[in-house]
Amino acid sequence: MNEVHSLEAVVKDAIAQANTTSELRAIEHQYLGKSGELTGLMRGIGKLPPEEKPKFGAAVNEAKARLESELLSRFATLKKTEQASQFERERLDITMPSRQTTAGREHVLQQTINKIKRVMGSMGFVYHEGPELEQFRYNFDVLNYPPDHPAMDAQDTFYVSDDLLLRTQCTAFQGRVFEKLKPPMRCFTVGRTYRNEAVDRTHSHTFHQIDVFMVDEGISMAHLKGTLGAFAGQMFGPDAKVRFRPDFFPFVEPGVDYAISTERLFGGKWVELGGAGMIHPNILESFGIDSERYTGFAFGLGVERIPMMAYGIDDLRNFLENDMRFLEQFS
Amino acid sequence: MKLTESMIRDMVMTDLNAAEIGDLLTMTGFEIEEILEVEGEPVLDINIMANRGDGASSVGIAREILAKDKTSHPTELYKKLTSNLHTIEESTNTLSQLISIEINTPDCTRYACKCYEGIENGDSPGWLKSRLEKIGQRPISLLVDIANYVMIETGQPLHTFDLDTINDRRIIVRQANPGEKMNTLDGIERTFNSENMLICDANSPVAVAGVMGGETSEATASTKRCLLESAHFDHQSVRKTRKQLGLHTDASYRFERYVDPEGAIRAINRFTELLEQATNCNTIPGILDIYPIKPVRNSVHVRTDRTCQILGMEVTADLIQQYLSDLGSIVVRTGENFDVTPPSWRIDLVKENDYIEEVGRVHGYEKIPELLPIGSTPIGGTHGSEAKIDRIREELLRCGLNQIISHSLRDSHPLDADTKRVRVLQPHSPEMALLRNSMLPGLAEACLKNGGNDIHLFEVGKVFSQGSEVIQLGILSIGNFGTKSWENCTDQVASFYSLKGIVERTFQSVNCDFKITAPQHLDPRFHPSRQASIAGSGIFGQIHPDIAEELNLPEAIVIAEFELSEQVLVASSVGKYKQVHRYPATKRDIAILISKEINYEQIESAICNACGDVLEKHQLFDVYEGKGIDPGYHSIGIALQLRKQGTFTDEEANQVRDCVVSALELLGAKLR
């Protein structure tokens, strides 16, 4: 029995003396493990008289339990200190430059287009794609342009042949949709348009437009205003307000230009965004749509205008020049 | 068009200040570009819409203010200048002895004139000079200044000829003979074609109708006798001539936007009044007026309920009647509906909707509420191949490619596809005369622009060739993915195989059937032994070294070009779910030496056949050739991951491996 007590004292002392967790692990191994000295004492139990065996066994187990708890608590203490210094060693300078993941960056115009698609899609408008190389009739005739309208001049439009041109407006998709669908319709497109213009900070021969229209029974300018309000609210913030001003486009009557105002983006100033109006009854009738029963609205705007206003971009040329120093600013 | 505040107040009495008048005009469709302060007086710069020529005068602007602002009143001058009562008809005997008029073109529908004698064409009175100067016009002489001023007041362009320069005192209005020449007022010799309308005397042209007078016939300081022209010329004819000659004048500005033919005489009378006030001259009685066909305007039925329905706001029949009458229409009311005849100065009023717009803009668009449409709604957003292309764009971003968007009008380029390009008839410059037939030139330019290395780009857009317009995906990839890091991580470098991975993910992302094969015809833009194709869609691989050199780009650039049409993006049938076994997997690695003649596809299919269903995954983890390996051979390491219903024993796994080895030995492989 004495050997149990003296061994316990030795181990206890060793535990107390240990300065590192690895020393403690060694002590555990030497005395308390499967082949440790304390466990070894158990093996001598056979030589004891039977009446002493239980007492001896209990003494060893008790000593072992006390030592294990001692060891555990010492271990916890040492680990705490060791970790503290480890963590100190491993301290990172969180101001060092990050490592960028390799996911690509979406073009700022695409980001805008995606948002437009989400917003219009959520209001039940279906996306339609139209050709950029468009027939004269879809770009002009079908849209109620009088023959000889100034916009048709070669100075303003890129012609490829007498009846084929680069569309000057995405509104050209309207006629193509009217040929395929019957009311009620809610449709939109986003795409590239071309004008024969010299390029400078605010002009480009190539730019992008969104064009939206809807035809149903009882559609009024109030629905146009409501839809534009909802669209502007999503694009520019919930406080966006819409204002109509009379304007003239051959394909709408009444025709308006609409302006948006928000406190946050424009400081309450009205910023003109695009043209809108009630689809001209001549157009509906030319596609066999009863213009007494059905009315419709249409609106359009330049895609570039949106990031230009949101980010204060003042040079239109940036968008199609693909300078990464420009593009990487938008994510 | 510019008007001073006092020019407006000559016509309308209103409590509104200049800024408020500006706001009112903007909201009624005559946008104020800016209000300038000139010598202490506000000057409004007003934008006149292409179909609203009636607004290009102080009378027209006053009419809009009077209709919109109920507290304003017309002045006596306004009433006089808009009155339909002409001054008492005078005998034209003297006048017709003095001058004759002939109209030989349908584009002139009215030609009126009057003559004045004994004129001293000196300086204009101070008030007139000052008003013209404030709106940016240079005073010239009494006759010219009054003519200009009356045009600003009434919208009717007037021209003053020196009567003594008119040969035989005959005025002939006709189309020009091709090649006919005349010097215009600005001293420039102009050559005309048959689309140009001219005012001529017995011998030669004296003015370009509606655009500008001739140099020799204009009223000058020495002019004693004056012929005043007040005519109506077709707006499209004037526009054509103005564009062709590049001659913007105040007259052409108004004629292009339509001038009221009924206003010709009122303008002459106003001119006479102002001339007589300013100087002593002998006004020859009467007006010669050739006006063969008065335009007839049809009435249109306008309904109150329809008006309210289109505008989306309530407007009473009384108000509709008042608004339309205020703007000059003749309104005949039957109950809640009207038959409306437009005024002579408004050719834009043709259909019911045109009048509904008039009601709307006078009543105020700000009163229209915001409503969301109700009714059946389709499933919004993109569908079909458009939705797939949206999905593909996302996948390419995940692959680490940056999206670019570039011009489609460009020059020819070594990376153009082998299809006939579409040419624009009147390009700005040769550099933008052709529509792109491939995305690759734009990608190569963007690559160069951004340093030519460590850049990974894609673009999705339209490409064009004779008779076709399709959506194409282009990819360009070179160098490290991601920025080099101080962390010393191993960088991924672009290669044929990294591009192959991107191509696979592109088509997999939309569940599309595709097979990568050797191209049937070599594409000369690509490295001849490093290109692969997806039949019907396109090609990818390393750029041809010669083209890389020509473009000053690194040789290692890999590029891809795929059509993303509906036919290409056909979805494969949805595969059935494969059960996920709950037993552990076993791995076996195999290293073999094999001839490079045997391509990996053969090795892969031998492995798959040998293992059967238990092969969960296999991965090529090492390829080595060089020292210690016979030329023409390489050593490859393949890891097999096996799994089945039940635990694999070592023995079973070894059996599978041995099967694989024997299958590979049939291909001539040796176990290493």
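Here is how names work: the chains are called A, B, and so on, in the same order as the sequence lines, proteins then strands, and each is numbered from 1.
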- Message: Report which part of Pro184(A) has an atom under 4.5 Å of a heavy atom belonging to chain B: side chain, backbone, both, or neither.
- Response: side chain

- Message: Taking the side chain as everything from C-beta on, heavy atoms only, tell me whether Val160(A) gets closer than 4.5 Å to Phe464(B).
- Response: no

- Message: Shorter than 4.5 Å, heavy atoms on both sides: which option in Pro373(B), Gly312(B), Cys308(B) has the most such pairs with chain A?
- Response: Pro373(B)

- Kindly assign one of parallel, tilted or perpendicular to the pair His407(B) and His205(A), based on the angle between their ring planes and the thresholds 30° and 60°. tilted

- Between Arg52(B) and chain A, which part of the residue has a heavy atom less than 4.5 Å away: side chain, backbone, both or neither? neither

- Select, from Lys117(A), Met324(A), Arg186(A), the one with the greatest count of heavy-atom pairs under 4.5 Å involving chain B. Arg186(A)

- Heavy-atom distance under 4.5 Å to chain B: side chain of Met214(A), backbone, both or neither? side chain

- Query: Measuring heavy-atom distances to chain A, does Ser429(B) have an atom under 4.5 Å in its side chain, in its backbone, in both, or in neither?
  - Reply: neither

- Message: Please identify, among Gly451(B), Ala446(B), Pro369(B), the residue contributing the most non-hydrogen atom pairs under 4.5 Å to chain A.
- Response: Pro369(B)

- Atom group of Met120(A) that falls short of 4.5 Å from chain B, counting heavy atoms: neither

- Task: Please flag which part of His128(A) lies under 4.5 Å from any non-hydrogen atom of chain B: side chain, backbone, both or neither.
- Result: neither

- Item | All salt bridge (charged side-chain N to carboxylate O under 4.0 Å, His left out) counterparts of Glu445(B), not counting sequence neighbours | Arg410(B)

- Turns out that what part of Glu328(A) lies under 4.5 Å from chain B's heavy atoms comes down to neither

- Among the options Arg243(A), His223(A), Arg325(A), Glu253(A), pick out the one with the most heavy-atom pairs lying under 4.5 Å from chain B. Glu253(A)

- Message: Ignoring hydrogens, what is the shortest heavy-atom contact between Lys225(A) and Ile368(B)? Give both atom names and the distance.
- Response: NZ-O, 2.8 Å

- Note on the structure: Under 4.5 Å to a heavy atom of chain B? For Thr227(A) that would be both

- Query: What part of Phe319(A) lies closer than 4.5 angstrom to a heavy atom of chain B: side chain, backbone, both or neither?
  - Reply: backbone

- Of the backbone (N, CA, C, O) and the side chain (C-beta and beyond), which part of Val422(B) lies under 4.5 Å from a heavy atom of chain A, both, or neither? side chain

- chain A heavy atoms under 4.5 Å from Leu372(B): which part of the residue, side chain, backbone, both or neither? both

- Item | Residue part contacting chain B, namely of Glu272(A), when any heavy atom lies under 4.5 Å | side chain

- Message: What part of Phe125(A) gets within 4.5 angstrom of chain B, counting heavy atoms only: side chain, backbone, both, or neither?
- Response: backbone

Side-chain polar contacts of residues 377-387 of chain B - donor-acceptor pairs under 3.5 angstrom, sequence neighbours left out - could you list them?
unit_1    : atom_1 : unit_2    : atom_2 : d
Thr377(B) : OG1    : Gly375(B) : O      : 3.3
Thr382(B) : OG1    : Asp390(B) : OD2    : 3.0
His383(B) : NE2    : Ile379(B) : O      : 2.7

- Message: Only pairs of heavy atoms separated by less than 4.5 Å count here; which of Arg398(B), Gln309(B), Lys240(B) has the most with chain A?
- Response: Gln309(B)

- Is a side-chain donor or acceptor of Arg361(B) paired with a backbone partner of Val256(A) at a separation under 3.5 angstrom? no

- Item | Interface moiety of Leu166(A) toward chain B, non-hydrogen atoms closer than 4.5 Å | side chain

- Query: Looking at Met278(A), Glu321(A), Arg192(A), which one has more heavy-atom pairs under 4.5 Å with chain B than the rest?
  - Reply: Arg192(A)

- Which atoms of Ser204(A) come close to chain B, meaning under 4.5 Å heavy atom to heavy atom: side chain ones, backbone ones, both, or neither? side chain

- Is Asn322(A) reaching over with its side chain to a backbone N or O of Ile405(B), donor-acceptor style, under 3.5 angstrom? yes

- Message: Is Asp323(A) close to chain B through its backbone or its side chain, or both, or neither, when contacts mean heavy atoms under 4.5 Å?
- Response: both

- Query: Any Lys/Arg nitrogen of Glu31(B) or Arg245(A) sitting under 4.0 Å from an Asp/Glu carboxylate oxygen of the other?
  - Reply: yes

- Query: For Lys367(B), does the NZ atom have more than 12 heavy-atom neighbours from other residues, nucleotides or ligands under 6.0 Å away?
  - Reply: yes

- Turns out that what part of Ile374(B) lies under 4.5 Å from chain A's heavy atoms comes down to backbone

- For chain A, the option from Arg423(B), Glu352(B), His456(B), Met313(B) that forms the most heavy-atom pairs under 4.5 Å: Arg423(B)

- Query: Heavy-atom distance under 4.5 Å to chain B: side chain of Leu327(A), backbone, both or neither?
  - Reply: side chain

- Task: With a 4.5 Å cut-off on heavy-atom pairs, point out which of Glu394(B), Glu370(B), Gln236(B) contacts chain A the most.
- Result: Glu370(B)

- Query: In terms of heavy-atom pairs under 4.5 Å, which option from Gly255(A), Gly191(A), Gly277(A), Ala230(A) contacts chain B the most?
  - Reply: Gly255(A)

- Side chains of Glu132(A) and Leu435(B): closer than 4.5 Å at any heavy-atom pair? no

- Given a strict heavy-atom distance threshold of 4.5 Å, which part of Asp354(B) is in contact with chain A: side chain, backbone, both, or neither? both

- Answer yes or no: is there a donor N or O on one side and an acceptor on the other, between the side chain of Glu469(B) and the main chain of Leu133(A), under 3.5 Å? yes

- Salt-bridged, Glu366(B) to Lys241(A), with N to O below 4.0 Å? no

- Tell me, out of Gln110(A), Glu106(A), Glu129(A), who's got the most heavy-atom pairs with chain B below 4.5 Å. Gln110(A)

- Message: What part of Met49(B) gets within 4.5 angstrom of chain A, counting heavy atoms only: side chain, backbone, both, or neither?
- Response: side chain

